[in-house]
Chemist: 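Please see the structure below; I have some questions.
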2 protein chains.
Amino acid sequence: MGRHFGAITCDSCKSFFRRTAFVKQLFECPSDGRCNITADTRKSCQKCRLKKCFDAGMRKVLRVN
Amino acid sequence: MGRHFGAITCDSCKSFFRRTAFVKQLFECPSDGRCNITADTRKSCQKCRLKKCFDAGMRKVLRVN
DNA sequence: GCTGGTCACAATGACCTC
DNA sequence: AGAGGTCATTGTGACCAG
C-alpha cells in the first residue's frame, strides 16, 4: 500500500492503472457496470476496476498540492 | 462450432470447459452470479461462463444417446 | 515514498492430431 | 465429428531501480 497516482492503493492496482488509464480502452463489462470489485474479483472486470480506480481518486496526472 | 461435451459451442468454450469443468473451482463472480456472458465478456467471469456451459447442456461425461 | 520497467506466471483460444 | 494436446499471445502483479 501507498499513495499511487493520487490515491492509497495496493501495488497491483497501481500497475493496473499505469497500464490502462493512459490509453483509450474498449473494456466490456459483464454486468452493465455493476461489478463489485474486490481483491478476488478485480481481475474479472477491467472497466469497473478502472472506474473504481478513478472513483478512489487516482488520476493520470499528479495533482499539484 | 460443433458439438462439444454434449452441446453446440464455439471452440474457445470447448477448451474452457475442458480446462475448468473437471476440476474443483473456486471462481469468484464480480456480480453475484448475474453476468451476461457474450463473446466480448466471456473472459471476465469464469463462474458465470462455466454455469452457462452447463446450462447449455455441456456435461463432463458424454451422455449415451 | 512514488514512479516506470521487468518478467515469471497463468488463462485464453486458434490450431493440431487422433 | 468430437476428443485432448500445444503454444503464441496477453494481462497480472510482485519486485526492482531511479
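Every chain is numbered from 1 and lettered A, B, ... according to where its sequence line falls, protein lines coming before strand lines.
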Chemist: For B:Ile8 and B:Met1, what are the C-alpha separation, side-chain angles and deciding distance, and is it a side-chain contact (heavy atoms from CB on, under 4.5 Å)?
Modeler: CA-CA 6 Å; B:Ile8 306 296; B:Met1 300 292 279; 4.1 Å; yes

Chemist: For DNA chain D, whose closest nucleotide is more 5', that of B:Ile8 or that of B:Arg19?
Modeler: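 Looking at the nearest nucleotide for each, B:Ile8 comes out on the 5' side.
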
Chemist: Would a single hydrophobic cluster contain both A:Met58 and A:Phe22, if residues Ile, Leu, Val, Met, Phe, Trp and Tyr are joined by side-chain heavy-atom contacts under 4.5 Å?
Modeler: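 Yes, one cluster joins them.
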
Chemist: Can you tell me how far C1' of D:dG2 sits from CE of B:Met58, to the nearest Å?
Modeler: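 Checked: the CE to C1' distance equals 11 Å.
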
Chemist: Can you tell me which nucleotide in C:dT12, C:dG5, C:dT3 comes closest to the side chain of A:Ser15?
Modeler: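 The answer is C:dG5, which lies nearest to the side chain.
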
Chemist: A:Phe17 CZ to C:dT3 C1': how many Å, rounded?
Modeler: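 Taking CZ of A:Phe17 and C1' of C:dT3, I get 13 Å after rounding.
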
Chemist: OP1 or OP2 of C:dA11 versus the side-chain N and O atoms of B:Arg42: is any pair under 4.0 Å?
Modeler: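 So the side chain of B:Arg42 is outside the cut-off, no N or O lying under 4.0 Å from OP1 or OP2 of C:dA11.
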
Chemist: Could you check whether any side-chain N or O of A:Thr41 sits under 3.5 Å from a backbone N or O of A:Ser44, counting only pairs where one atom can act as donor and the other as acceptor?
Modeler: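 No: the side chain of A:Thr41 does not pair with the backbone of A:Ser44.
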
Chemist: So, does the side chain of B:Arg18 form a donor-acceptor pair with the base of D:dG2 at under 3.5 Å?
Modeler: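 It does not, because no donor-acceptor pair links the side chain of B:Arg18 to the base of D:dG2 below 3.5 Å.
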
Chemist: Roughly how many Å is it from CD in B:Glu28 to P in D:dT12, rounded to a whole number?
Modeler: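 Going from B:Glu28 (CD) to D:dT12 (P), I get 17 Å.
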
Chemist: Given C:dG4, C:dG13, D:dA14, which nucleotide is nearest the side-chain atoms of A:Phe5?
Modeler: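 Per side-chain heavy atoms of A:Phe5, the pick is C:dG4.
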
Chemist: From the list C:dA11, C:dC2, D:dA14, which nucleotide is the closest neighbour of the side chain of A:Arg3?
Modeler: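 Out of C:dA11, C:dC2, D:dA14, the nucleotide with an atom closest to A:Arg3's side chain is C:dC2.
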
Chemist: For the pair made of CG in B:Leu50 and C1' in C:dA11, what is the distance, rounded to whole Å?
Modeler: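 In whole Å, C:dA11 C1' lies 14 Å from B:Leu50 CG.
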
Chemist: Please verify the inter-ring angle class for B:Phe54 with B:Phe17; under 30° counts as parallel, over 60° as perpendicular, anything in between as tilted.
Modeler: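 Ring orientation of B:Phe54 relative to B:Phe17: perpendicular.
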
Chemist: When the distance from CE of B:Met1 to C1' of D:dG2 is rounded to whole Å, what number comes out?
Modeler: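 It is 14 Å, rounded to the nearest whole Å.
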
Chemist: Please state how far atom CD in B:Gln46 lies from atom C1' in C:dG13, giving the value in whole angstrom units.
Modeler: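 Distance, rounded to whole Å: 14 Å.
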
Chemist: Starting at atom CG of A:Asp11, determine the distance to atom C1' of D:dA17, rounded to an integer number of angstrom.
Modeler: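 Distance, rounded to whole Å: 14 Å.
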
Chemist: Enter the distance from A:Ser15:OG to A:His4:NE2 here, rounded to the nearest 0.5 Å.
Modeler: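 Reported value, rounded in 0.5 Å steps: 8.5 Å.
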
Chemist: What nucleotide, of C:dT12, D:dG4, D:dC16, holds the atom closest to the side chain of B:Lys14?
Modeler: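 Nearest to the side chain of B:Lys14 among the choices is D:dG4.
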
Chemist: In whole angstrom, what separates B:Phe16's CZ from C:dA10's P?
Modeler: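 After rounding, the reported distance stands at 17 Å.
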
Chemist: Choose from D:dG13, C:dT3, C:dG13 the nucleotide whose nearest atom is closest to any side-chain atom of A:His4.
Modeler: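 Among the listed nucleotides, the one closest to the side chain of A:His4 is C:dT3.
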
